[in-house]
S.K.: 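Below: one structure in C-alpha cells.
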Protein chains: 2
Amino acid sequence: MPAERRSHPVTLADVARRAGVSQSTASRVLNGSERTVGGELAQRVLAAADELRYSANVQAQAVARGTTTNLALLVSDIATDYFSSMTAAVMSAAELAGLRVTIAITERRLEREIELVRDLRGQHARAIVLAESGTRSREGVERLQDELEGYEAAGGKVVVVSRTTMPFDFVDLDNFGGARRLAVALTRLGYKRFHVLGGDEGLVTTRERIEGFRDGLAERGLELPDSAITFSDFSWEGAFGAVGALDDAVLSNTQALFALNDEMALGAIAGLRNRGMRVPDDIALAGFDDIRTLRNVVPGLTTVRVPTAQVGRAVVELIAGGAQSPTTVPATVVIRESTPRLN
Amino acid sequence: MPAERRSHPVTLADVARRAGVSQSTASRVLNGSERTVGGELAQRVLAAADELRYSANVQAQAVARGTTTNLALLVSDIATDYFSSMTAAVMSAAELAGLRVTIAITERRLEREIELVRDLRGQHARAIVLAESGTRSREGVERLQDELEGYEAAGGKVVVVSRTTMPFDFVDLDNFGGARRLAVALTRLGYKRFHVLGGDEGLVTTRERIEGFRDGLAERGLELPDSAITFSDFSWEGAFGAVGALDDAVLSNTQALFALNDEMALGAIAGLRNRGMRVPDDIALAGFDDIRTLRNVVPGLTTVRVPTAQVGRAVVELIAGGAQSPTTVPATVVIRESTPRLN
DNA sequence: TTGAAAGCGCTAACAT
DNA sequence: ATGTTAGCGCTTTCAA
C-alpha cells in the first residue's frame, strides 16, 4: 500500500531508489532508446515506475536533451472547415511520427505571427508549419522571413503549406493544375462565359488558381479577361459581399461562377439567393477544396478536391522523414450538380 | 554587427554577459514579475536581449519554476464544427489569461485518453479541459477518473465541459433548459407529434436534452413516449442512418423531428431527402448547438444556440480566475424556417 | 553493464 | 538593488 510519499510528482530519482538502481540506469531503461539494456534490473525499474505511476517530466527531458518533439502549426483561423481539417490531418500524421502538435492561431496578424515564431524558438519547437491564408506586405514578408530564419538557425525546421517565395521547404498543392482541369471540364460541359470570385489578391494561392483556370480556358480557345475577376478574400463573407456588389449585367452575362474556394462558393450561393438567383438554375457554380460541409449542400457543389490527409503526411515527411521539398499534392476535379451539362 | 557567436540558441547567460550584469539580474528584468527592478541596468539588459534576439527557453523555466502555463484541451475530434468552434473559443479565452493551449484528439478511445492524461501530468500541464462526446463504460469512467485524480493530486486542474458525475469542476451547458424551451416553442407553433433522434445513449448530454424536451412537452400537456426516440450517436452519419432505418409509419405520423445536435440534424436532412422527404414541407426539424455551417443550410434550421465563446470564457475562469464550479452557460432557442407555424 | 558526476537553461532563496 | 549559490528533473559523458 502507498505508505509514505507526499503526492508531489514522482521523479526519476524516486523510481531509481525504489528499484534499487542508479538514476542513470532508470533513465536508460525508461527512455534511452533501449541501449545497454539492464538484463533484469530493467524489470525492476519498469515495475517501480509502474507502481509509482511515474511519468517523465517532458520539460526536463527537453532541457537536458536540448530538443523537443513538438511541432507548431500556425493557422490563421481554426473555426473553418478547411483549416480544421488541415489541422486534423497534420495532427494525425504527426502523431504517427511521434510528434506532438501545438496549434497557434495567427488571426492573420503579422505582429502576432512574428511574436509566435520567436516564442516557438524559445520553446525549442522542432518544427513550425505555416498553413495560413493571410496577405502580407512585402515588408511584412521580410520581417517574418527574418524571424523564421532565426528560428531555423537555432535548429528548427520550417515547412510552408502551399508554394512560397520564402526560402523554406514547402508542400505544393496543385492549385494550378486543379484549376486548369476544372476549366477544361467546365468547358466540356458547354460553359463558355465565366466569372471568377477571387480570394485575397496577391496571395500565391489566388494567383495560381486563377492562372490555372485561365490556362485551361486558353487550351479550349477561351479567354478570361481581367474584368471577369472580382477579388475579395478567402471567406464566406468576402464572396457574399462580392456577389452582392456584382453588376446585374455582368451576372446575367455569366454562365458559371468559379469561387476560388468552397467557403467562398457557399458565401456566393447565399449572396446569389439574396439577389433571387439560384444555383444551378440561374447560374452554375464551382468551388475549390472539397470541404466536408459540402455534403450538406444541395445541389452538390462542383469543386476541386485537395486531399488534406495527404498534405498532412507530406508535411510530416518533410519534417521527420527526410523527404525532398517541394512535395506536390494532387488536386482532382469533382463534378456535381452545381454545374450541369449545358445544352 | 553580429561578429562572433555560433548560431546556437542565445541563453540568459549570454544576455547577462553582454549586459555586464549577473544572470539573476537579467532573469529578473526579463521575467521575474518586475520585482526589484534594476534602475537603468534594466535598459542594458533589455537592449542586450534585443540585440541578441533572446527568447527565453520555456522548458527550462518550467523545470525551474515547477509549473507551466499550458492548458491541454481534450476533444474527441476536431474536424467538426462544434468542436472546432469550442476549440477556438477556449484558445482565445486562454490567451487572454496568458495560457498556452495544446490540443489533443482522443478519437473517443479510452486508452488513448488515459495515456494522454498521464503524459499531460508529465508535462506539468496546468489544466486539462475535457470537451468530449464519447461514451464510456462504468469501468472506463473509473479508470479515467482515477488517472485524472492522479493528475490533480500532482497539482493540475481538471475542468469538464458539460455536467459530469466525476468529481471535477465543470461548465454546465443548459441542455435541459434549452431543450425544454425548444419543446415549448415548437408546441406553440402548433406541433404535437414529435420524434427525437438521440445521440450516444448513456451520455449526459443526450439524457439532459431528452429530459428537457420531455419536460417542455409535459408543460404543454404532451407526452414523449420512449418509442418516439431513436438513438444513434452524435454524428451526421449516425442520424443519417437512423433516419434511413425509421419506419414509414413512424415518419408519416411525425410532425417534427428533434435531432439532439445540428450535425445530426444535417445528417437527418440528407437521410430524409434520400427517402424523398423534404424539410419542412414533409416534416419539420430542429437541432441543437447552432453551429456555424447552418448559415449554408436552406431552409434555415431551427436550433438551440450554445454560446461557445461564453463556454470558453467560463472554462478559463474556472482555471485561472477562481470562479466557482459549476458555471452555467445559457442556451437560447432560435426559430428558423425548418419549423414553420403549423396551421 | 552499471554508477558517479557534470551540465542543460533557468529561477529563487540567500547573502551582500 | 545586485550578485552568489543551490537546485529543478533529466540525460550523458566518463570511469569503474
Side-chain angles (χ1 to χ4, degrees), chain A residues 5-6 8-46 48-49 52-69 119-125 154-155, chain B residues 5-6 8-46 48-49 52-69 119 121-126 154-155:
Chain A
R5 291 259 164 276
R6 45 197 164 137
H8 264 323
V10 177
T11 81
L12 187 56
D14 295 330
V15 176
R17 200 171 309 128
R18 168 124 178 174
V21 301
S22 81
Q23 185 167 315
S24 356
T25 301
S27 169
R28 290 194 266 254
V29 174
L30 265 19
N31 314 301
S33 47
E34 328 203 6
R35 189 178 294 187
T36 53
V37 211
E40 62 93 49
L41 281 199
Q43 296 308 321
R44 293 231 302 274
V45 174
L46 258 8
L52 263 32
R53 289 165 149 261
Y54 169 75
S55 171
N57 181 326
V58 204
Q59 343 264 0
Q61 292 189 134
V63 176
R65 296 207 247 250
T67 0
T68 64
T69 155
D119 272 24
L120 258 9
R121 175 151 59 88
Q123 293 204 43
H124 282 243
Chain B
R5 293 256 164 275
R6 48 204 162 123
H8 264 323
V10 177
T11 81
L12 188 58
D14 295 330
V15 175
R17 199 171 309 129
R18 169 123 177 177
V21 302
S22 82
Q23 187 169 312
S24 357
T25 300
S27 170
R28 291 194 265 255
V29 174
L30 265 18
N31 314 301
S33 45
E34 330 203 5
R35 186 176 298 186
T36 55
V37 212
E40 62 93 45
L41 281 201
Q43 295 308 319
R44 291 232 301 275
V45 173
L46 258 8
L52 261 31
R53 289 165 148 259
Y54 169 74
S55 170
N57 181 328
V58 203
Q59 344 263 3
Q61 292 189 134
V63 175
R65 296 207 245 247
T67 2
T68 63
T69 154
D119 273 25
R121 176 153 57 90
Q123 292 202 45
H124 282 242
R126 174 120 136 236

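Residue numbers start from 1 in every chain, and the chains themselves are labelled A, B, ... in the order their sequence lines are given, proteins ahead of strands.
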S.K.: Tell me which of A:Tyr54 and B:Val21 sits closer to the 5' end of DNA chain D, going by the nucleotide each one is nearest to.
M.R.: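 On the 5' side of the pair lies B:Val21.
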S.K.: Roughly, in whole Å, what's the span from CG in A:Leu12 to P in C:dG3?
M.R.: 12 Å
S.K.: Scan A:Ala56 against the nucleic acid and name what it touches under 4.0 Å (heavy atoms): base, sugar-phosphate only, or nothing.
M.R.: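 Sugar-phosphate contact only.
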S.K.: Counting only side-chain heavy atoms from C-beta out, which of C:dC8, D:dG3, C:dT11 sits nearest to A:Val63?
M.R.: C:dC8
S.K.: Find the distance B:Asp14:CG to C:dC10:C1' and express it as a whole number of Å.
M.R.: 13 Å
S.K.: In this structure, how many angstroms lie between the C1' atom of C:dC8 and the CD atom of A:Gln59, rounded?
M.R.: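 Spelled out: CD on A:Gln59 to C1' on C:dC8 is 14 Å.
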S.K.: Side-chain N or O of B:Thr25 versus OP1/OP2 of D:dT2: is the shortest distance under 4.0 Å?
M.R.: no
S.K.: In whole angstrom, give the distance that lies between atom CZ of B:Arg65 and atom P of D:dG9.
M.R.: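 Rounding to the nearest Å, CZ of B:Arg65 and P of D:dG9 are 15 Å apart.
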S.K.: Going by heavy atoms in the side chains, are A:Val15 and A:Val10 under 4.5 Å from each other?
M.R.: yes
S.K.: Can you tell me if A:Thr11 touches the phosphate of D:dG9, counting only side-chain N or O atoms and a distance under 4.0 Å to OP1 or OP2?
M.R.: no
S.K.: Any idea which heavy atoms bring B:Ala154 and B:Arg121 closest together, and the distance?
M.R.: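 Shortest heavy-atom separation between B:Ala154 and B:Arg121 comes out as CB-CD, 3.8 Å.
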S.K.: Looking only at heavy atoms, which two atoms of A:Thr68 and B:Gln59 are closest? And how far apart?
M.R.: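 Residues A:Thr68 and B:Gln59, closest heavy atoms: CG2-NE2, 3.0 Å.
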S.K.: Atom NE2 of A:His124 to atom C1' of C:dC8: distance rounded to whole Å?
M.R.: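 Roughly 9 Å, once rounded to whole Å.
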S.K.: How would you label the contact of B:Gln23 with the nucleic acid (heavy atoms, under 4.0 Å): base, sugar-phosphate, or nothing?
M.R.: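 Counting heavy atoms under 4.0 Å across all strands, the contact made by B:Gln23 includes a base.
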S.K.: Measure from the side-chain heavy atoms of B:Gln61 and tell me the nearest of C:dC10, C:dA12, D:dT2.
M.R.: C:dC10
S.K.: So which heavy atom on B:Ala26 is nearest to which on B:Ala16, and how close?
M.R.: CB-CB, 4.0 Å
S.K.: Select one nucleotide: of C:dA12, D:dC10, C:dG3, the one nearest the side-chain heavy atoms of A:Ser24.
M.R.: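 That would be C:dG3.
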S.K.: Respond yes when some side-chain nitrogen or oxygen of B:Asn31 is under 4.0 Å from OP1 or OP2 of C:dT11, and no when none is.
M.R.: yes
S.K.: Output the single nucleotide from C:dT11, C:dG3, D:dC10 whose closest atom is nearest the side chain of B:Ala64.
M.R.: C:dT11
S.K.: Counting only side-chain N and O atoms of B:Ser27, is one of them less than 4.0 Å from OP1 or OP2 of C:dC10?
M.R.: no
S.K.: Please report the closest heavy-atom contact between A:Ala56 and A:Gln61, naming both atoms and the distance.
M.R.: CB-OE1, 3.8 Å
S.K.: Would you mind reading off the distance between B:Arg28 atom CZ and D:dT4 atom C1', rounded to a whole angstrom?
M.R.: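 Those two atoms, CZ and C1', are 10 Å apart.
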S.K.: Over how many whole Å does the gap from A:Asn57 atom CG to C:dC10 atom C1' extend?
M.R.: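 After rounding, the gap between these two atoms is 13 Å.
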S.K.: Without decimals, in angstroms, what is the distance between A:Gln123 CD and C:dC10 P?
M.R.: 13 Å
